[in-house]
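Only one structure is covered here, and it is reproduced in the block below.
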Amino acid sequence: MKLGFVSAILDGWTYEEMMDVASEMGFQCVEVACWPQGKAERRYAGVSHIDVEKVLTDDSYAKHILDYSRAKKVEISSLAFYPNPLTPDLKKRSETLAHLETLIKASAKLGVNMVTTFIGRDQTKTVEENLELVGQIWPPIIKLAEKLKVRIGIENCPMLFGKDQWPGGQNLFTSPANWQKVFDVLKSDNLGINYDPSHFIWQMIDYVKPVRQFKDKIFHVHFKDIKLYRDKLDQVGIMAYPLDFMAPKLPNYGDVDWAAFVGALTDIGYDGYACIEVEDKAFEGSREKILDSLRISKKYMENFVI
């Protein structure tokens, strides 16, 4: 496995500065945030370390991106964009799909050949209604990815945290059952999983068994932890807003058994990219705290990935 991090945590750093950090800390790869320029949607979203539209129109810029990556000996694991492609806001949906297609084209041009994103969800509709939307909206995206030989890794974050995403969340790809339903609708070797075990913690789902069940569909991995606060859960129950009883944490600061999870990845022979995703509020507030979060996470995960 190649150990890296999701670049969104380095908001305010340039592409070059971000790659410098990765190189100086000894990371092997980065999952590069590529939101539309200047369009922050939420916490950790809106960061753009590569201008994908410029990649398509400016060959010298594209060459610089690759040259700098090679010079720093840090690979680009994926171009990342995590929106809601099934949003009921049709204008926003159209913009999202257009950017996702640009991302796929840029990933192919750069030779990255990987895009990491969400399937999306209309939070007011049922699972069955959302699967119909998936069947209507996603086939042209998949067709483009197949044509350009780009793999799409869907992260399993439910995008359900507080009242803004209530009741259904903004990503259908939340569980092994839903993964299979999506794969049944979108039958493609180019569609797979960006596997984050932490999202199964608060859903009370086993996060090790699906590694083996979906071994051929794991394209990319996130190393992030979640802490479940039992005393809070006892007060509000699982029907509450999830952030009322859990919090994202650095690896080893939450409830994921990393030996079990990484052990399962080694069992299936996974040797791809594994990127630390930092969303721990305890490490916000200064550039040094953010850098500390990467140092601490890397040091711990090197117990499992060298």
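Quantities reported herein were computed from a predicted structural model and do not represent experimental measurements.
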Open item on the list: Is there a side-chain contact between I9 and E277 in this structure, where contact means two heavy atoms from C-beta onward sitting under 4.5 Å apart?
Closed with: no
Task: Worked check of side chain to side chain contact (heavy atoms under 4.5 Å, CB included) between Y253 and I296 - done: CA-CA 10 Å; Y253 287 14; I296 292 168; 3.6 Å; yes
Open item on the list: With heavy-atom distances below 4.5 Å as the criterion, would you say the side chains of Y270 and Y195 are in contact?
Closed with: no
Open item on the list: Are the side chains of F118 and L172 in contact, using a 4.5 Å heavy-atom criterion?
Closed with: no
- [ ] Keeping the roles fixed (side chain from N84, backbone from G120), state whether a donor-acceptor pair exists under 3.5 Å.
- [x] no
Open item on the list: So does G263 get a backbone contact from the side chain of T266, meaning a donor-acceptor N/O pair under 3.5 Å?
Closed with: yes
TODO: To the nearest 0.5 Å, tell me how far M239 CE sits from D244 CG.
DONE: 13.0 Å
- [ ] State, with a plain yes or no, whether a side-chain heavy atom of D59 is found less than 4.5 Å away from one of K109.
- [x] yes
Open item on the list: Go through it in stages, so that I can follow the logic: the residues are E288 and R295, the test is salt bridge (Lys or Arg N to Asp or Glu O under 4.0 Å), and I'd like the CA-CA distance, side-chain angles, deciding distance and then a yes or no.
Closed with: CA-CA 10 Å; E288 192 55 37; R295 295 186 188 104; 3.0 Å; yes
Open item on the list: Quick one, H64 and E16 - any side-chain contact, counting heavy atoms below 4.5 Å?
Closed with: yes
- [ ] Indicate yes or no for a side-chain donor-acceptor contact from Y15 to the backbone of I65 under 3.5 Å, with no hydrogens or angles considered.
- [x] yes
Task: Test log, rule side chain to side chain contact (heavy atoms under 4.5 Å, CB included), inputs E146 and D189 - done: CA-CA 8 Å; E146 290 173 339; D189 292 339; over 6 Å; no
Open item on the list: Hydrophobic clustering (ILVMFWY, side-chain heavy atoms < 4.5 Å, transitive) - are W258 and F200 grouped together?
Closed with: yes
- [ ] Mark yes when over 12 heavy atoms from residues, nucleotides or ligands other than D231 sit less than 6.0 Å from its CG; otherwise mark no.
- [x] yes
Open item on the list: When you measure from the side chain of N130 to the backbone of T126, do you find a donor-acceptor pair of N or O atoms at a distance under 3.5 Å?
Closed with: yes
Open item on the list: My understanding is that only residues two or more places apart in sequence, or in another chain, count here; which of them pass salt bridge (charged side-chain N to carboxylate O under 4.0 Å, His left out) with K63?
Closed with: D67
Open item on the list: Show every salt bridge (charged side-chain N to carboxylate O under 4.0 Å, His left out) that has at least one partner inside residues 71-84, sequence neighbours left out.
Closed with: K2-E75, D20-K72
Open item on the list: Looking at every heavy atom in both S7 and V47, which two are closest together, and how far apart are they?
Closed with: O-CG1, 4.5 Å
Task: D234 and R230 ion-paired at < 4.0 Å - done: yes
Open item on the list: Count I, L, V, M, F, W, Y as connected when their side-chain heavy atoms are under 4.5 Å apart, and connections chain through other members. Are V134 and L90 then in the same cluster?
Closed with: no
Open item on the list: Would you say Q165 and Q170 are linked by a side-chain donor-acceptor pair, where the criterion is simply a distance under 3.5 Å?
Closed with: no
Task: Pairs touching residues 245-272 that satisfy salt bridge (charged side-chain N to carboxylate O under 4.0 Å, His left out), sequence neighbours left out - done: R212-D267, K227-D255, K249-D280
- [ ] Drop me the distance from F261's CZ to S198's OG, to the nearest 0.5 angstrom.
- [x] 9.5 Å
Open item on the list: Are M204 and M246 linked, directly or through intermediate hydrophobic residues, by side-chain heavy-atom contacts shorter than 4.5 Å (ILVMFWY only)?
Closed with: yes
Task: Of M301, K298, K299, the residue whose pairing with P251 passes side chain to side chain contact (heavy atoms under 4.5 Å, CB included) - done: M301
- [ ] Measure from the side-chain N and O atoms of H99 to the backbone N and O of C34, and report whether any donor-acceptor pair falls under 3.5 Å.
- [x] yes
Open item on the list: More than 12 heavy atoms of other residues, nucleotides or ligands under 6.0 Å from CD of Q235: yes or no?
Closed with: no
Open item on the list: I want to check a possible cation-pi pair here: K54 against Y61, using under 6.0 Å from ring centre and within 45° of the ring axis as the test.
Closed with: yes
Open item on the list: To the closest 0.5 Å, what do you measure between CG (L144) and CD1 (I141)?
Closed with: 8.5 Å
TODO: Compare every heavy atom of F245 with every heavy atom of A240, then report the nearest pair and how far apart it is.
DONE: O-CE2, 3.9 Å
TODO: Please determine if K217 forms a cation-pi arrangement with F214, meaning its NZ or CZ atom is less than 6.0 Å from the six-membered ring centre and no more than 45° off the ring axis.
DONE: no
- [ ] Indicate yes or no for a side-chain donor-acceptor contact from K187 to the backbone of D184 under 3.5 Å, with no hydrogens or angles considered.
- [x] yes
Extract all donor-acceptor atom pairs below 3.5 Å that involve side chains of residues 150-159 and protein atoms in other chains or at least two apart in sequence.
| from | atom 1 | to | atom 2 | distance (Å) |
| --- | --- | --- | --- | --- |
| E155 | OE2 | H199 | NE2 | 2.9 |
| N156 | OD1 | D196 | N | 2.8 |
| N156 | ND2 | D196 | O | 2.9 |

Task: Side chain proximity check, V6 to I276, heavy atoms < 4.5 angstrom - done: no
Task: side chain to side chain donor-acceptor pair (under 3.5 Å): pairs with one or both residues in residues 110-122, sequence neighbours excluded - done: E31-T116, S78-T116, Y82-T116, D122-T124
TODO: List the steps and the verdict of side chain to side chain contact (heavy atoms under 4.5 Å, CB included) for I119 and V182.
DONE: CA-CA 9 Å; I119 279 288; V182 170; 4.0 Å; yes
- [ ] Quick one: pull up CH2 in W202 and CG in L233 and give me the separation to the nearest 0.5 Å.
- [x] 11.5 Å
- [ ] Report yes if the side chains of H220 and H222 come closer than 4.5 Å at any heavy-atom pair, otherwise no.
- [x] yes
Task: Straight-line distance of L148 CG to E101 CD, nearest 0.5 Å - done: 10.0 Å
- [ ] Using the six-membered ring wherever Trp is involved, compare the ring planes of Y300 and F304 and label them parallel, tilted or perpendicular (cut-offs 30° and 60°).
- [x] perpendicular
Open item on the list: For a quick test of reading the model, state the closest non-hydrogen atom pair linking L97 to P85 and the distance between them.
Closed with: CD2-CB, 4.0 Å
Task: Exam field: side chain S297 to backbone S293, donor-acceptor pair closer than 3.5 Å - done: yes
TODO: Could you tell me whether D292 and K289 make a salt bridge, using a distance below 4.0 angstrom between a side-chain N and a carboxylate O?
DONE: no
- [ ] Report yes or no: do V185 and L133 belong to one cluster of Ile/Leu/Val/Met/Phe/Trp/Tyr joined by side chain heavy-atom distances under 4.5 Å?
- [x] yes
Open item on the list: Main chain of V256, side chain of D225: is a donor-acceptor contact present, judged purely on distance under 3.5 Å?
Closed with: yes
Task: Side-chain heavy atoms of L265 within contact of V221, under 4.5 Å - done: yes
TODO: Give every residue pair that meets the ring-ring contact (aromatic ring centres under 6.0 Å, His included) criterion with at least one member in residues 140-173, sequence neighbours excluded.
DONE: W166-Y241, F173-W179, F173-F183
Open item on the list: Quick check against the 3.5 Å criterion: does K105 have a side-chain atom that pairs as donor or acceptor with the backbone of L56?
Closed with: no
Task: Euclidean distance, Q213 CD relative to K209 NZ, rounded to 0.5 Å - done: 10.0 Å
Task: Residue among L79, V115, V52 satisfying side chain to side chain contact (heavy atoms under 4.5 Å, CB included) with I104 - done: V115
TODO: Report yes or no: do I238 and Y207 belong to one cluster of Ile/Leu/Val/Met/Phe/Trp/Tyr joined by side chain heavy-atom distances under 4.5 Å?
DONE: yes
Task: Closest approach of F219 to N190 (non-hydrogen atoms, all atoms of both residues) - done: CE1-O, 3.5 Å
Open item on the list: Keeping H49 on the side-chain end and W13 on the backbone end, is there a donor-acceptor pair under 3.5 Å?
Closed with: yes
TODO: Applying side chain to side chain contact (heavy atoms under 4.5 Å, CB included), run through V55 and T102 and close with a yes or a no.
DONE: CA-CA 9 Å; V55 165; T102 299; over 6 Å; no
